[in-house]
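Just follow the structure's listing: the first ligand is 1, and inside any ligand the first atom is 1.
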Amino acid sequence: MEMDKDYERKCYELAYLIFPDVDETVDDLEIKYPERNELKQGAMVTRIAPSPTGMAHTGTLYQAMVDKKLANQSEGVFYVRIEDTDQKREVEGAVEEIMKGLEYFNLMPEEGVIGKDKEKGYYGPYTQSQRKEIYRVCAKHLVEIGRAYPCFCTPEMLQKTHDAQVANKIVPGYYGVYAKCRNRSIDEAIERVKNGEKFILRFRSNGSHLNKITFMDEARGKIEMAENDEDVVLIKSDGLPTYHFAHVCDDHFMHTTHVIRGEEWLPSVPKHIQLFEAMGFEAPHYVHTPSILIKDGDSKRKLSKRKDKIAAVAYFIKSGYPAEGVNEYLMTILNSDYEMWKSKNKDKTYKDFEFKMNKMSSAGSLLDIPKLNDLCKEEVAKLNSQELLDRVLTWSKEYSKDFYDILNRDLEYSKKVFGIERDNATKIRKDIYKWEDVEETFRYFFDDIYAKELETNRIISTLTEDKATLTPEVMKNVLDKYSKEYNENDTKDEWFARMKEVAQNLGFCVNMKEYKANPENFVGSIADFSSIIRVAVTNKKNTPDIYEIMQLLGRGRTISRMEDTIAKL
Ligand code: GLU
């Protein structure tokens, strides 16, 4: 826009009237926040920019994975900025929750906000409410060059215009002839500001919705959209910037190379490109991540904060999901190449994988919970007993204090419990996918938990429901005879031979084939026999190897559990 000298002078006057105390200029800021020259060519600077307006969302985690991955693999920087310009919606503790999630999932940033009121790096402050002066400097510049103006419209007036537009089937918004204050003379604007009238600051768009613009989305390719013609708000009545304006100022002065954000921001790109241009800044690369979808019956829908507990990062932490399992899973839904790569590189992790932005899906990423759980099982299976114990201790200390105390009573014993079918096993048991389930899986090893459970749910009688021949009398007899014969010094083979002998003497068939051919000839099979022992000793139908369990429980507890069951049958 060519400005005549008089108009130009008035713009400066208006800018001064609005920002009398702003002495710094955009150039000063450029010197204060110089290019990141220490980074090598091609290094990517990425960030997450969460708003502390509620729980930490799984979507933020998912984005942080991409951000950190891209920054690390290009030897760049991943930082965190807190976007707290919507102070009415701010939630106490939200920043801490975000940081806790990043820490838990090994996604801590190299720069920016690293805790409540804690940050590091030269491009701060990294919390928007503390960057007011920077936005004011930039806004003042836009007023000076005639690209921003004060808007005196009240919310009621705006609503009225909006309603009239809707009623007349006109695209709603503050643009063109509907932008009342845009069309006021600068003299009137100066006058009204001088008179102390309330106003907000708007951008003066130079676009037309009849024009098209194209830009590249690194995940989606070339995108064409209508040019922006809206005079978006830059500074709100509370003196804080809108997302649009803060995004432009912050990502410029923090030298973000790639803005990776949710696809809900895609329609705003034309606004942002125009704002970057007006400020004389180079726009960053954009990557819009697809929404996370979830199955709901036969259809798919967006992960919902209200409906899905899995939408909260805190849910994963509280339930004790292993971070590495969740990370691996998120990478599979983030990059279509990942699973293939992983199948060829079984010993490597997502950290070794080269992430390509153009392999991101744009159609939405389905969060398949059973698959997530399976991947977590795989990761838990890689831990040895000591590692598993350490992880469960860390988790239970915060989320299951009773279990934590029980584990601590005898750490050597707890380690042995976790070592069953794990340490030195040829086939590792894959039954745990989150720490919350560990107590349930191993509860019978810990007498207090086991005793409490028996009071409310002793399941031995359900064996009779499963198979009528296993009457209480039969079961009592099995436990009585077997407990007398049990020898804790037996090797596994000896133990099994002895069990078969007792079983046979009591009319059980020790050969499964033979049993299946003529079940009516027997009280039950050897599997039924060992079920009775298993349930008496553990109160569970499925457990790891019962020989190992009895060894670990020791003779005293093994026998007394059988006797106790006889008394209760
Ligand atoms: N505060 C914005 C949000 O939470 C950030 C979007 C962005 O990453 O630029 O949606």
Side-chain angles (χ1 to χ4, degrees), residues 44-71 76-91 94-99 101-102 107 109 111-113 119 123 125-132 134-135 138 215 217-220 232-234 236 238 240-276 279 281-292 302-305 311-313 334 357 360:
M44 292 165 73
V45 179
T46 61
R47 88 297 187 271
I48 52 165
S51 301
T53 49
M55 66 184 201
H57 196 271
T58 302
T60 304
L61 195 67
Y62 170 83
Q63 265 160 19
M65 285 275 296
V66 184
D67 282 288
K68 185 154 176 105
K69 183 82 192 117
L70 288 173
V77 176
F78 163 54
Y79 73 89
V80 171
R81 179 170 72 228
I82 296 297
E83 303 211 327
D84 60 344
T85 55
D86 194 349
Q87 301 211 306
K88 279 193 258 44
R89 289 179 53 219
E90 193 158 337
V91 168
V95 173
E96 288 92 328
E97 201 186 304
I98 292 163
M99 298 322 297
L102 294 178
L107 295 169
E111 186 185 305
V113 176
E119 56 176 58
Y123 294 88
Y126 294 88
T127 297
Q128 288 183 330
S129 57
Q130 294 165 27
R131 298 175 61 77
K132 245 176 162 167
I134 296 172
Y135 308 123
C138 295
F215 63 92
D217 180 289
E218 304 292 328
R220 294 157 197 253
V232 293
V233 176
L234 302 174
K236 302 177 289 175
D238 58 5
L240 286 166
T242 53
Y243 168 76
H244 305 304
F245 193 46
H247 154 50
V248 171
C249 302
D250 293 345
D251 284 311
H252 173 72
F253 287 114
M254 293 179 184
H255 300 281
T256 312
T257 62
H258 290 72
V259 167
I260 297 154
R261 61 185 179 186
E263 65 183 356
E264 67 276 16
W265 292 112
L266 192 57
S268 303
V269 173
K271 291 188 177 90
H272 300 158
I273 288 182
Q274 230 174 45
L275 281 167
F276 273 101
M279 285 299 301
F281 299 157
E282 196 182 322
H285 296 276
Y286 284 108
V287 186
H288 290 90
T289 56
S291 301
I292 302 182
K302 272 193 197 166
L303 192 61
S304 144
K305 271 193 200 180
V313 177
L334 274 167
M357 287 180 280
M360 283 172 78

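Counting the atoms of ligand 1 from 1 in the order shown, those under 4.0 Å from a heavy atom of W265 are 3 (C), 6 (C), 10 (O). Listed by number with element, the atoms of ligand 1 under 4.0 angstrom from any heavy atom of E83 are 1 (N), 2 (C), 5 (C). Near S51, meaning under 4.0 Å from any of its heavy atoms, are these atoms of ligand 1: 1 (N), 4 (O). Numbered from 1 in the order shown, with element, the atoms of ligand 1 that lie under 4.0 Å from a heavy atom of R47 read 7 (C), 8 (O), 9 (O).
Residues H272 and V259 have side chains not in contact (no heavy-atom distance under 4.5 Å, counting atoms from C-beta outward). Side-chain contact between D251 and R47 is present, with heavy atoms from C-beta onward closer than 4.5 Å. H285 has its side chain out of reach of M357: every pair of non-hydrogen atoms, C-beta onward, lies at least 4.5 Å apart.
Y243 OH, 2.4 Å is the protein heavy atom nearest to atom 9 (O) of ligand 1. When only non-hydrogen protein atoms are considered, atom 5 (C) of ligand 1 lies nearest to A49 O, 3.1 Å.
Ring pair H247/F276 is perpendicular by interplanar angle, where above 60° counts as perpendicular and below 30° as parallel.
Taking both residues in full, the closest heavy atoms of A219 and V287 are given as CB-CG1, 3.9 Å, listed atom of the first, atom of the second, then distance.
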